[in-house]
Amino acid sequence: FTGKREINNDLLEELEEHLITSDIGVQTSMELMRRISKKASKISGIEQLKEALKEEILSILDASSSPVEEHGTKPHVIMVLGVNGVGKTTTIGKLAARSVLEGKKVLIAAADTFRAAAIDQLRIWADRAGAEIVTHGERTDPAAVAYDGIEAAIARGTDIVLVDTAGRLHTKVNLMEELKKIKRAISKKLPDAPHEILLVLDATTGQNALSQAKLFHEAIGVTGIALTKLDGTAKGGIVISICSHMKIPLRYIGIGEKIEDLQDFDPTQFVNALF
Amino acid sequence: NLSDKLNSVFKKLKGHGKLTEKNIEEGLREVRMALLEADVHYAVVKKFINDIKQRALGQEVMASLTPGQQIIKIVNDELTKLMGSRHEDLSLSGPLPISIMLVGLQGSGKTTTAGKLSIFLKKTGRKPYLVPVDVYRPAAIDQLRKLGDQLSVPVFPSNPEMDPVRICREARIAAQKEGCDTLLLDTAGRLHIDEALMAELCRIRDEMQPSDILLVADAMTGQDAVNIAKSFDSALDIGGVILTKMDGDARGGAAISIKTITDKPIKFIGVGEKLNDLESFHPDRMSSRILG
Ligand SMILES: Nc1nc2c(ncn2[C@@H]2O[C@H](COP(=O)(O)OP(=O)(O)OP(=O)(O)O)[C@@H](O)[C@H]2O)c(=O)[nH]1
Ligand SMILES: Nc1nc2c(ncn2[C@@H]2O[C@H](COP(=O)(O)OP(=O)(O)OP(=O)(O)O)[C@@H](O)[C@H]2O)c(=O)[nH]1
Ligand SMILES: [Mg+2]
Ligand SMILES: [Mg+2]
């Protein structure tokens, strides 16, 4: 009988290790282990333990999910932001392509006027996706690009506007202020816009993703998350921690560098991939 | 922060007797949490804590330090030692023109770092030559060319139809003609599990025989850092690491994971988006950042 108990402890440590190495974070992992060890007395083996964990994680992910609001007015404006190199520009290309394939008219506003060749990069994606692009050129005012993008979209009867912004670390106050300015410019041109503020996170990022989500949310109000690079070996477990603390829905996952490599977030698939 | 937590754990122990197994356990539990929250890999933490415990056991509590401070001192010392106790330079030996190869995952900062390294090389009196080897990412070649123009550093006129190995070979000839002595090979970001693309890196390395191969890794990388480092190192035998985006608030525990797995030095850190934002790596500063 004592033997069985010992196995359980090793097993629990193994499971905790699995959670932590999935980037779920030590606090959230401990909390999850606490919840299932309450049920552990009724559980007879590792498979049941895993299923219990999956259920707990699913309940966290489901609690923070919410359907995309269809408000029917045109254009629907999506502002895309996040730290450097996470995949914002590529994700915009993918989103634009899927909307065009659904028969929508898409316009992209090239509001990253800072990074070398950011506009050239976005132009290639717009071309591949079949979307229009509005740009003012490097070192111009990003808020003005966003504003003009919305204006052009309204005039042309565009369905969807995607606003690309420069990568920025969430700790840089002046860059966060610039982001607020871009948002204000969008709202000025179209009062309910931006309708979606999409934070892009890299699945290989560890606990810092929580800090990113917190500060971007505080600054500008994030309405959805896109998690990229899930085609690697990282599990992206940090989104579980984010969902349990902040209730921001995970909308999309990026699973590669090609234009079709975007999927709607499926909590069940995600949780199964964790184990 | 960790100091406060350790001090409260050891409050009752002030200044008398040895560090016992029990109070070390409690203190190290806090250190373990701090390291995991800092993104150090689970297995790396486990081994590290065990090593610390052996060292801490039976030590006399120093008169000048609280037991909490003493544990921190031991941890700090061990971490600093682990990360390499001295600064390591770029390897620049070999017949001219030499090559420095930049490799890593998508978006880690390779292209920007290539620009930064060219400034660094110029400052040391060398003549860098930038080589765009990324034929996949839209406008990657334009990106490096624009950086080269900003810095007045020559850039090989790659085009996306060329084979990456051929680009490198022709760039070496072109660099020689321009009187440049150091090629910076900016390769495409890739997954360490992409066999074809990892093989491409090996072909580039075999062709160019680089003096240094640097893994450019993001400071905010989580537990996956061990997988990434292990794969790139076993494929290429890297010379060192550049940790980018250190100007954020990521604790950077990936540095410990990478160093433990590869035993290769972190040579530089990226501290911003501007081309001047490259600094040499200081192990002691990194340790206290990771411990929080
Ligand atoms: N494997 C993989 N790579 C991706 C994915 N999404 C983006 N990338 C790659 O990540 C790198 C960076 O992508 P970008 O779209 O330039 O990222 P960004 O956030 O716009 O970068 P900045 O504007 O510089 O902040 C590129 O090499 C992309 O091809 C993904 O889902 N999987
Ligand atoms: N804040 C900060 N940003 C950085 C640093 N290094 C690079 N970046 C930014 O990170 C983003 C990605 O940099 P790139 O140089 O395009 O990265 P890459 O590794 O070449 O990307 P791929 O070629 O797509 O794999 C850009 O927005 C850079 O400006 C750094 O040290 N600090
Ligand atoms: Mg971008
Ligand atoms: Mg690059």
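All of these numbers come straight from a predicted model, not from anything done at the bench. Here is the naming used below: chain letters follow the sequence lines, and residue numbers restart at 1 for every chain.
Looking at A:Q121, both its backbone and its side chain come within 4.5 Å of chain B, counting heavy atoms on both sides. When heavy atoms are compared at a cutoff of 4.5 Å, A:R123 does not approach chain B at all.
Most heavy-atom pairs under 4.5 Å with chain A: of the set B:D247, B:V226, B:L144, this distinction falls to B:D247. The most heavy-atom pairs under 4.5 Å with chain A, out of B:R137, B:R251, B:Q150, B:H41, come from B:R137. With respect to chain A, the highest number of heavy-atom pairs below 4.5 Å among B:L105, B:L36, B:T111, B:T112 belongs to B:L36. With respect to chain B, the highest number of heavy-atom pairs below 4.5 Å among A:S211, A:G206, A:G167 belongs to A:G206. Between chain B and the residues A:Q27, A:R128, A:R115, the largest count of heavy-atom pairs under 4.5 Å involves A:R115. Ranked by heavy-atom pairs shorter than 4.5 Å toward chain A, the options B:D142, B:D249, B:L191 are led by B:D249.
Across every non-hydrogen atom of A:A116 and B:L147, the tightest pair is CB-CD2, 4.0 Å. Here the closest non-hydrogen pair linking A:V83 and B:M220 is CG2-CE, 3.4 Å. Taking each heavy atom of B:A139 and A:A117 in turn, the nearest pair found is O-CB, 3.9 Å.
The closest side-chain heavy-atom distance from A:R168 to B:E273 is not below 4.5 Å.
Distance NE2/A:H18 to CD/B:Q223: 11.5 Å, rounded to 0.5 Å. Interatomic distance, CD1 of B:I193 versus OG1 of A:T233, reported as 6.0 Å (0.5 Å rounding).
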Practice task
Using the salt bridge (Lys or Arg N to Asp or Glu O under 4.0 Å) rule, take A:E138 and B:K146 through it: C-alpha gap first, then chi angles, then the decisive distance, then the call.
Solution key: CA-CA 11 Å; A:E138 293 193 8; B:K146 289 192 169 165; 3.1 Å; yes
